[in-house]
Student: 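One structure coming up, written as structure tokens, with questions to follow.
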Amino acid sequence: MKGTRDLLPNETIRWRQLETVIHDTMKAWSYGEIRTPVFEMTELFARSVGEESDIVSKQMYTFTDQSKNSLTLRPELTAPTMRAYIQHNLARDGALTKLYYMDTLFRQERPQAGRMRQFSQFGAEAIGSPHPEQDAEVISLICAILNKLGVINLEVVINSIGSAHSRDRYRDELVNFLTPLKNQLSETSQRRLDTNPLRILDTSDEGEQAILADAPDIMEFLDGEDLSHFEELQDHLTEFGIDFRRDKSLVRGLDYYTRTTFEITSPNVGAQSALCGGGRYDDLIAQLGGKPTPAVGFAAGIERILIAAGEHKETSLEGVSVYVVTVSDNTRSAAAKLADNLRQNGVTASFDTLRRSVKAQLREANRLSSSHAVFLGDDELNSGSVEVKELDSGLQSKVAIEEIISHFTID
Ligand code: AMP
């Protein structure tokens with residue numbers, strides 16, 4: 001189906017490796033995993049992400065259930081995570097709550113490379129600290145994960161959109177600047193001028209970008225506290241050894257951000273270069289009915305990261321070590337038993353269930369990247385020892401059947 005894909009065994013291996021790196025790194029950074037339902041009340045996203053955002057206005061898979069509730073397949077995971085944080089009173093566990101997720105999302109977008117309708121994200125949310133070192137920790141966490149996954153050529157782009165009152169002043173100034181130029185703007189931007197003017201800064205239209213080059217810079221509207229927050233964040237990033245660039249147009253598409261916004265891009269993914277987006281959302285929890293609590297987080301797209309890491313090439317089924325070759329009809333059940341015995345002892349093993357020739361079995365061993373073949377024929381069965389062949393080097397040795405498990409389990 002459009003915008004969805006099946007992950008076949010040669011890809012799921014890569015996915016599991018990536019998932020392991022993410023779980024291990026999150027654990028090392030003391031983030032606990034949260035899993036929320038695939039659907040939520042539609043209202044949750046409308047209230048948090050914003051009615052005017054692309055996600056809510058045109059990308060949600062929304063349906064009415066038999067009880068006439070309006071439900072939506074989750075298009076992002078910060079709002080569900082905050083809903084759960086409030087609902088389960090996780091604040092009770094301490095002043096700082098660190099959560100992470102790794103799950104599937106749904107957005108009705110125009111599919112292209114790196115843009116799917118069902119896709120996967122992992123993300124982290126640090127809830128409770130208003131301070132810039134927390135923003136820096138979150139940015140360094142995603143950088144650490146991307147580095148471990150072998151994603152190179154990263155660009156970290158940051159900005160601050162200030163707290164609500166600085167942003168209101170800036171919004172007015174931006175509208176004053178753009179109103180006389182309205183006719184030169186696209187239809188979407190003209191509409192946004194009334195509904196959500198900051199989003200115009202996100203435009204990918206080069207003509208509009210040229211107009212916006214002269215637009216007022218939000219930095220000039222930040223108050224003293226916003227400014228020192230942003231400066232301290234930059235100092236921390238420098239201390240962590242993270243290179244970054246400021247982009248004054250980075251406002252991000254979701255309504256809930258305050259102060260810090262950031263994005264990590266990689267040219268390796270082509271047009272859809274954003275691997276990760278995030279920022280601070282100090283007002284969201286209160287907006288959703290919780291006690292006012294500052295928070296900062298990120299979400300990163302797994303499909304794009306795999307493209308950026310150059311891992312979408314075919315990888316063969318790895319880890320299959322021993323192929324037990326049935327040499328004669330008489331040894332069929334002995335071969336099955338030997339393979340089973342190896343597996344029970346934690347050794348990856350295969351045997352032939354298609355009753356193929358020895359040659360065909362060796363071809364299969366090769367396809368599975370087996371490291372060893374064990375030949376089991378009448379002679380071997382009678383003598384009680386089998387022929388073990390290292391498939392790479394061709395080296396062959398005889399091993400007593402009762403020692404075969406220890407041969408593969410003890411180095
Ligand atoms: P967002 O939730 O829009 O801030 O997106 C965060 C990250 O999720 C992006 O940087 C992408 O890596 C990924 N992403 C967003 N939308 C899609 C999509 N439709 N298909 C694949 N990945 C996506």
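Heavy-atom basis, side chains included; hydrogens, waters and symmetry copies ignored. Computed from a predicted structure; not experimentally measured. Both counts, for ligands and for their atoms, begin at 1 and track the order of listing.
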Student: Going by an N to O cut-off under 4.0 Å, is there a salt bridge joining Arg14 and Glu11?
Tutor: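 No, this pair does not count.
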Student: Short list, please: which atoms of ligand 1 are under 4.0 Å from a heavy atom of Ala299?
Tutor: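 Listed by number with element, the hits are 6 (C), 7 (C).
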Student: Below 4.0 angstrom, N of the basic side chain to O of the carboxylate: do Arg74 and Asp103 qualify?
Tutor: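 Salt bridge: yes.
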Student: Tell me the nearest of Arg107, Glu76, Gln121, Arg110 to atom 16 (N) of ligand 1, using heavy-atom distances.
Tutor: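 Going through Arg107, Glu76, Gln121, Arg110 one by one, Arg107 has the nearest heavy atom to atom 16 (N) of ligand 1.
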Student: Do Arg259 and Phe230 come within less than 4.5 Å of each other through their side chains, counting heavy atoms only?
Tutor: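 Contact flag for Arg259/Phe230 side chains = no.
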Student: Show the atoms of ligand 1 that are less than 4.0 angstrom away from any heavy atom in Ala274.
Tutor: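 Counting atoms of ligand 1 from 1, those under 4.0 Å from Ala274 are 9 (C), 10 (O), 11 (C), 12 (O).
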Student: Taking only heavy atoms of Gly301 into account, list the atoms of ligand 1 that are under 4.0 Å away from them.
Tutor: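 In order of numbering, the contacting atoms are 7 (C), 8 (O), 12 (O), 13 (C).
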Student: At less than 4.0 angstrom from any non-hydrogen atom of Cys276, what atoms of ligand 1 do you find?
Tutor: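 Every atom of ligand 1 under 4.0 Å from some heavy atom of Cys276: 10 (O).
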Student: Should Ala300 be counted as touching ligand 1, given the test is an N or O pair under 3.5 Å?
Tutor: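 N/O-N/O distance below 3.5 Å does not exist for this pair.
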Student: Hey, what do you get for CD (Glu76) to CG (Leu105), rounding to the nearest 0.5 Å?
Tutor: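 One finds 7.5 Å between CD of Glu76 and CG of Leu105.
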Student: Need the ligand 1 atom indices (1-based, order shown) with element for anything under 4.0 Å from a heavy-atom of Glu109.
Tutor: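 Per the distance check, 16 (N), 17 (C), 18 (C), 19 (N).
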Student: Which atoms of ligand 1 sit under 4.0 Å from any heavy atom of Leu275?
Tutor: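 Those of ligand 1 that fall under 4.0 Å from Leu275 are 10 (O), 12 (O).
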Student: Does the distance from a Lys or Arg side-chain N to an Asp or Glu carboxylate O, for Arg167 and Asp223, drop under 4.0 Å?
Tutor: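 A salt bridge is absent here (no side-chain N lies under 4.0 Å from a carboxylate O).
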Student: So, for Tyr31 and Tyr100, is the gap between ring centers shorter than 6.0 Å?
Tutor: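 Between Tyr31 and Tyr100, the centre distance exceeds or equals 6.0 Å.
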